[in-house]
Amino acid sequence: MLVYPSSIDLSSSTLRHLTRQLIARRRELGTRWRRLPAGRQALLVLAHLRCGDTYAQLAAGFGIGIATVYRYIREAIEVLAALAPSLDEAVETARPKAFVILDGTLLPIDRIAADTPYYSGKHKRHGMNVQVLTDPFGELLWASAALPGSTHDLTAARSHGILDALAAAGLKCWADKAYQGAGQHIRVPFRGRRLKRWKRRHNSSHAKIRCVGEQAMAVLKGWRLLRKLRCSTDRITDIVKAVLVLHHASE
């Protein structure tokens, strides 16, 4: 296999943050020796998450076995996922802000047509539903656990307790039409084709506010692994949380 140098479009602060976490993990476990130092392991993990490099590619590039690559990546993701903010912490962070934006996204997965629970009729593909909270400037605050792609956005928001948490904190929230009936504190656009002029103006201004939240989706999809997940669906929640932590570390 041919090997060539490449680059990762992340800052060195992200690498240092992950390296520190891995060093602390090794000290906790009492690890004496490994094939790769913590810094190289961190670089390997970032190449997988950010660039979507496969285990085989990473094994060849770093001169280790595929099984070792798998263990290194899984360990790092577990370490990062444990650092992700909870919903209560995210709501507390958002409390001083004027409002938050709630939206859902579908992370594509590698599944066959028989896997009905993972098929999204809206997107016409298999995937996992993830709910995202952002601030008025489009900064990613929190990402939910991943649910099967057939789950409706409103159902997902209720199952995660997002609506109750926002209501308890008195936070206003802007969301799209999928969240109709979520409650008075959730601002959604009017539905229908023949709307009165003032309703159309309301929908236009609502869309301008809500579109800022699309930046958060771009942040998630900037990590190429999330564009097509081929791992077990049980691991996707931790992967999303790990990406969230690394995103905050790069700021």
Donor-acceptor pair, distance only, cut-off 3.5 Å: does the side chain of [X] make one with the backbone of [Y]?
X	Y	value
Lys124	Gly121	yes
Ser159	Thr155	yes
His160	Val130	no
His206	Asp176	no

Side-chain donor/acceptor pairs under 3.5 Å, residues 71-82, sequence neighbours excluded:
residue : atom : partner : partner atom : Å
Arg71   : NH2  : Thr68   : OG1          : 3.3
Tyr72   : OH   : Arg35   : N            : 3.4
Tyr72   : OH   : Leu36   : N            : 3.3
Arg74   : NH1  : Tyr70   : OH           : 2.5
Glu75   : OE1  : Arg34   : NH1          : 2.7
Glu75   : OE1  : Gln41   : NE2          : 2.9
Glu75   : OE2  : Arg34   : NH1          : 3.4
Glu75   : OE2  : Arg34   : NH2          : 2.9

Output the distance between atom [atom1] ([X]) and atom [atom2] ([Y]), rounded to the nearest 0.5 Å.
X	Y	atom1	atom2	result
Met128	Ile239	CE	CD1	10.5 Å
Asp153	Gln131	CG	CD	4.5 Å
His247	Leu220	NE2	CG	8.5 Å
Ile236	Leu226	CD1	CG	9.0 Å
Asn129	Leu106	CG	CG	7.0 Å
Arg16	Ser250	CZ	OG	12.0 Å

May I ask you to test the [X]-[Y] pair for a side-chain heavy-atom distance under 4.5 Å?
X	Y	result
Tyr118	Pro148	yes
Leu244	Leu140	yes
Leu229	Arg235	no

inquiry  = Applying side-chain contact (heavy atoms from CB on, under 4.5 Å) to Lys221 and Leu107, what does each step give before you reach the verdict?
reply    = CA-CA 9 Å; Lys221 299 301 174 65; Leu107 301 180; 3.6 Å; yes
query = Sequence neighbours excluded, which residues qualify as side-chain hydrogen bond (donor to acceptor under 3.5 Å, both in side chains) partners of His123?
reply =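 For His123 the side-chain hydrogen bond (donor to acceptor under 3.5 Å, both in side chains) partners, ignoring immediate neighbours, are Ser120.
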In residues 45-53, what donor-acceptor pairs under 3.5 Å come from side-chain atoms, sequence neighbours left out?
residue : atom : partner : partner atom : Å
His48   : ND1  : Asp53   : O            : 2.9
Arg50   : NE   : Asp9    : OD1          : 2.9
Arg50   : NH2  : Asp9    : OD2          : 3.3

inquiry  = Could you go through Gln215 and Thr134, starting from their C-alpha distance and side-chain angles, then the distance that decides it, and tell me whether this counts as side-chain contact (heavy atoms from CB on, under 4.5 Å)?
reply    = CA-CA 9 Å; Gln215 296 178 18; Thr134 61; over 6 Å; no
ask   = Is the number of heavy atoms from other residues, nucleotides or ligands under 6.0 Å of Arg125 CZ greater than 12?
value =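 No, not enclosed.
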query = Is the number of heavy atoms from other residues, nucleotides or ligands within 6.0 Å of NZ (Lys172) greater than 12?
reply =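 No, because the 6.0 Å sphere around NZ of Lys172 holds 12 heavy atoms or fewer from other groups.
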task = Enumerate the residue pairs fulfilling salt bridge (charged side-chain N to carboxylate O under 4.0 Å, His left out) with a member in residues 204-216, sequence neighbours excluded, ordered by first and then second residue.
result =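 Checked against salt bridge (charged side-chain N to carboxylate O under 4.0 Å, His left out) - neighbours excluded - no pair reaches residues 204-216.
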Pairs involving residues 87-107, ordered by first then second residue, that meet salt bridge (charged side-chain N to carboxylate O under 4.0 Å, His left out) (sequence neighbours left out) =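 Applying salt bridge (charged side-chain N to carboxylate O under 4.0 Å, His left out) to every pair that reaches into residues 87-107, excluding sequence neighbours, yields Glu92-Arg95, Lys97-Asp135.
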inquiry  = Other members of the hydrophobic cluster containing Leu133, with the 4.5 Å side-chain heavy-atom rule, please.
reply    =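 Hydrophobic cluster check, Leu133: joined to Leu87, Val91, Val100, Leu102, Leu141, Trp142, Leu154, Ile162, Leu163, Leu166, Leu171, Tyr179, Ile186, Val188.
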Is there a chain of hydrophobic side chains (I, L, V, M, F, W, Y, each step under 4.5 Å between heavy atoms) that links [X] to [Y]?
X	Y	value
Leu58	Ile64	yes
Tyr119	Leu147	no
Ile23	Phe62	no

request  = Evaluate side-chain contact (heavy atoms from CB on, under 4.5 Å) for His202 paired with Lys196, printing each intermediate quantity in order.
outcome  = CA-CA 10 Å; His202 173 274; Lys196 295 182 179 180; over 6 Å; no
